[in-house]
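Read the structure below first, then the notes.
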Amino acid sequence: METIVDTTNSMNRSAADFLAGAIKDLGGKETGAKVLDFGCGNGGLVSSLLDRGFDAFGCDLDNKFWNGNDVTGHWQAHALTDPARLGAIQARPYRLPFADGTFDVVVSTSVLEHAQNKEEIFTEIHRVLKPGGCSIHILPSKWYLPLEPHIFVPLLNFLWPHCPSWWFKLWAFLGVKVPGQPGTWRDIARWNEWYFRTGLSYWTPGALRQLSRRVFGNYSAPRTYFMQASEGKASAIGRRFPSR
Ligand SMILES: C[S@@+](CC[C@H](N)C(=O)[O-])C[C@H]1O[C@@H](n2cnc3c(N)ncnc32)[C@H](O)[C@@H]1O
């Protein structure tokens with residue numbers, strides 16, 4: 001089994017197109033493969049992977065799954081009538097709602113930089129993968145520049161897990177905020193600090209590699225592939241330089 005990690009966050013074309021290619025090119029699996037979108041949110045990627053011929057399923061924490069998004073509306077919008085394709089993750093003990101050895105591939109987009117329990121997650125992903133399966137994770141790197149991509153405060157991913165309160169106040173005072181974020185600059189600074197401490201978890205590539213090797217026995221971060229295959233600005237710049 002193998003874990004493949006992209007921390008370039010340089011993907012610009014749809015996640016589904018990119019992942020459909022990566023499942024074949026990196027994972028060696030064909031259309032029809034059984035794929036789990038881990039941390040699926042409202043299920044948009046599951047729906048798009050189904051449209052592209054994969055046997056796709058999704059799961060997410062059940063608070064998010066049931067309360068966070070309008071799941072029903074989303075599925076109706078995608079004309080998907082099989083709710084059995086979505087499953088709620090049990091939090092304690094942490095367990096994905098699928099039997100051992102179910103999937104050829106597990107993917108995630110923008111999940112691992114939030115997840116506080118990566119070891120439990122990798123262990124569970126390993127359990128639900130078939131022998132020879134792989135997991136592919138797309139997330140912003142701890143070294144992503146210039147702004148933390150969720151709340152736009154500079155260098156927060158570098159600083160995680162330690163950042164002084166004045167850093168949040170400084171940027172909120174200077175007007176840095178998520179479009180539409182309500183409240184005074186003090187409210188925004190407080191909320192951002194809370195989000196940083198409870199909603200983000202930026203591991204170094206080395207720490208991810210170490211955990212992945214321990215759980216899966218393998219790891220790769222094929223940046224050259226992501227540089228070639230993605231259409232984002234960062235990869236366009238990267239293609240101008242010789243890259244490993
Ligand atoms: C930014 S959203 C991304 C949702 C979706 N993958 C997408 O790309 O639109 C992050 C998702 O990660 C999920 N998440 C965070 N921590 C998690 C954990 N420990 N286990 C499973 N899912 C988690 C959240 O519930 C949320 O749906």
Side-chain angles (χ1 to χ4, degrees), residues 1-11 13-61 65 78 80 82-89 94-115 117-140 205 208-209 211-230:
M1 289 187 192
E2 185 172 16
T3 310
I4 297 163
V5 173
D6 168 33
T7 54
T8 61
N9 201 34
S10 56
M11 188 170 56
R13 73 179 142 130
S14 91
D17 281 342
F18 182 84
L19 280 167
I23 288 167
K24 292 177 188 168
D25 300 341
L26 301 175
K29 311 293 180 210
E30 292 305 318
T31 311
K34 202 157 180 164
V35 178
L36 172 65
D37 179 19
F38 169 77
C40 65
N42 63 14
L45 180 59
V46 177
S47 195
S48 302
L49 288 172
L50 283 167
D51 291 345
R52 286 159 179 76
F54 293 96
D55 188 12
F57 292 77
C59 65
D60 206 318
L61 297 172
F65 188 70
H78 285 78
L80 193 112
D82 185 1
R85 289 193 175 271
L86 293 178
I89 298 170
Y94 191 83
R95 196 169 167 85
L96 305 189
F98 301 100
D100 297 2
T102 302
F103 295 101
D104 298 296
V105 181
V106 176
V107 301
S108 78
T109 60
S110 305
V111 176
L112 289 185
E113 78 273 26
H114 300 286
N117 58 337
K118 293 190 196 17
E119 178 149 8
E120 284 179 321
I121 287 173
F122 277 23
T123 304
E124 272 298 281
I125 289 177
H126 182 268
R127 181 183 67 75
V128 301
L129 274 173
K130 293 177 187 173
C134 76
S135 66
I136 301 176
H137 304 279
I138 296 172
L139 63 150
L208 284 171
R209 181 175 58 238
L211 176 63
S212 177
R213 284 200 177 138
R214 185 146 48 82
V215 176
F216 292 89
N218 209 337
Y219 171 90
S220 63
R223 291 192 182 83
T224 307
Y225 176 82
F226 290 107
M227 286 290 178
Q228 302 301 340
S230 83

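A quick note: this is a predicted structure, and the numbers were derived from the prediction, not measured.
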Is S212 reaching over with its side chain to a backbone N or O of N218, donor-acceptor style, under 3.5 angstrom? yes
Check: G58 main-chain N/O paired with D37 side-chain donor or acceptor under 3.5 Å: no
Pairwise side-chain contact, L96 with L36, heavy-atom cut-off 4.5 Å (strictly under): yes
Non-neighbouring partners of R95 that pass side chain to side chain donor-acceptor pair (under 3.5 Å), sequence neighbours left out: none
Side chain of S48, backbone of G44: donor and acceptor closer than 3.5 Å? yes
Kindly give the heavy-atom pair with the smallest separation between L49 and A56, and that separation in Å. CB-CB, 3.8 Å
Residues L211, E119; criterion side chain to side chain contact (heavy atoms under 4.5 Å, CB included); working and verdict: CA-CA 7 Å; L211 176 63; E119 178 149 8; 4.0 Å; yes
Going by the salt bridge (charged side-chain N to carboxylate O under 4.0 Å, His left out) test, which pairs reach into residues 100-114, not counting sequence neighbours? D100-R127, D104-K130
Should the pair F103 and F98 be assigned to parallel (<30°), tilted (30 to 60°) or perpendicular (>60°) ring geometry? perpendicular
For V111, the side chain to side chain contact (heavy atoms under 4.5 Å, CB included) test, sequence neighbours excluded, returns F38, S108
Can you sort out the partners of R209 under side chain to side chain contact (heavy atoms under 4.5 Å, CB included), two or more places apart, ordered by chain and number? R213, Y219
Partners meeting side chain to side chain contact (heavy atoms under 4.5 Å, CB included) with N117 (sequence neighbours left out): Y94, A115, E120, I121
For D55, check salt bridge (charged side-chain N to carboxylate O under 4.0 Å, His left out) against everything at least two apart and list the hits. R85
E30: what forms a side chain to side chain contact (heavy atoms under 4.5 Å, CB included) with it, not counting sequence neighbours? K24
